[in-house]
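Shown next, in structure tokens, is the structure this report addresses.
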Amino acid sequence: MKIDFANLQYQHELYNNEIEEAILNVARNCNFIMGSEVQELEKSLEDFTGAKYAISCSSGTDALILAMMALDIKPGDEIITTPFTFIATAETIALLGATPVFVDIDEKTYNIDTSKIEEKITPKTKAIIPVSLYGQPADMEAIQTIADNHNLKIIIDGAQSFGSTFNGKTDSNLGDISTTSFFPAKPLGCYGDGGAVFTNDEKLATKMKQLRVHGQNERYYHKYIGIGGRLDTIQAAVLNVKLKYYKKDLSLRQEVAVKYTKSLEKKNDIVLPYVDDKATSAWAQYSVRVKNRDSLQTKLKEVGIPTAVHYPMPLHLQECFEYLGYKKGDFPISEVVSNEIMSLPMNPYISNEDISYISKELI
Ligand SMILES: *Cc1c(COP(=O)(O)O)cnc(C)c1O
């Protein structure tokens, strides 16, 4: 038995004719930069998410940079976010000279604990960046209320959650700006790096389009300091094929999650994922909590079951953020969860036999 964690190979085999043809088409037309496939993708992303504007870009990290630049985030600004996320969320804040201000997570969803946000707001606070961790949006109702009351912007880091919803809206269609990533292992992955930003605000959309091409409003005339942040046409071509089947992928992921939960819920000493009634998850990961995580990972590896840890060290304890002055004990829930969390193989194509095998070997 040898189980594949994300099974990208099988995904390619499923649609290989269409995807390879789409890539070849770009090669033959040589429209490598901003070919028609890019506009086609952006239109489809708008239709899929309900967001008025979808702007593709070079990665989920660059999507965060574009979003913050569009909102004029500057040195000295403070941005509230979670310490239990991938580094890019807080790294991009720091890269723009702003200060990440961390708030601990909710014990059940592992997303930012909205009851602890307000005590961190100062006159310097400009925005909140909730992360839709493992595919599930944070409590966007509570976050929107806080943002409205304190005149703050919201950027959703939806790198793991494309297609998820909160109160019936996709998380690309919430907040002021929402971002996503098309990194291959994300729920909707391309064949390299890619990402997108979403907004319903025309001014922000125009600005992000300009920022994406070195801030230019006209060729070789530059209104803003921007970045080179376009999505390659080849990646757009791959995504145009994969997006057609994505609704099905999402429902298969949901089925896999339900099957995992059914076969694991009777086990002791294992905490299963929790999805809020108001939310749906894109199930980027199916992550459980176990006490003996490290030894269990080794045992599972020996029997052909790959696992991963998202993430082993919360951001307030990372060396690169030492200058922020946080210490161990500042965010106890993030710290406990990072010691116990373990992601099981997750992709739309895991068989029932694999799920039973994994569940049987687990503890
Ligand atoms: C993957 C990820 C990113 C970065 O996306 P890239 O496309 O790899 O740059 C940002 N935030 C979160 C939460 C992620 O999981």
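Counting convention: from 1, in listed order, for ligands and their atoms alike.
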Check: Y134 ring centre within less than 6.0 Å of Y286 ring centre: no
Within the protein, flag every N or O under 3.5 Å from an N or O of ligand 1, and note the pair and distance.
| from | atom 1 | to | atom 2 | distance (Å) |
| --- | --- | --- | --- | --- |
| ligand 1 | 5 (O) | S181 | OG | 3.4 |
| ligand 1 | 7 (O) | G60 | N | 2.8 |
| ligand 1 | 7 (O) | S181 | OG | 2.6 |
| ligand 1 | 9 (O) | G60 | N | 3.4 |
| ligand 1 | 9 (O) | T61 | N | 2.9 |
| ligand 1 | 9 (O) | T61 | OG1 | 2.5 |
| ligand 1 | 11 (N) | D157 | OD1 | 3.3 |
| ligand 1 | 11 (N) | D157 | OD2 | 2.8 |
| ligand 1 | 15 (O) | Q160 | NE2 | 2.8 |
| ligand 1 | 15 (O) | K186 | NZ | 2.7 |

Just by distance, no angles: are the side chains of Q160 and H310 close enough, under 3.5 Å, to form a donor-acceptor pair? no
The single option from T81, I117, I143 that satisfies side chain to side chain contact (heavy atoms under 4.5 Å, CB included) with P130 is I143
More than 12 heavy atoms of other residues, nucleotides or ligands under 6.0 Å from OH of Y221: yes or no?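 It does not: Y221 OH has 12 such atoms or fewer within range.
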Within a reach of under 6.0 Å around CD of Q9, are more than 12 heavy atoms found that belong to other residues, nucleotides or ligands?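 Check fails, neighbour count at 12 or below.
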My understanding is that only residues two or more places apart in sequence, or in another chain, count here; which of them pass side-chain hydrogen bond (donor to acceptor under 3.5 Å, both in side chains) with T170? none
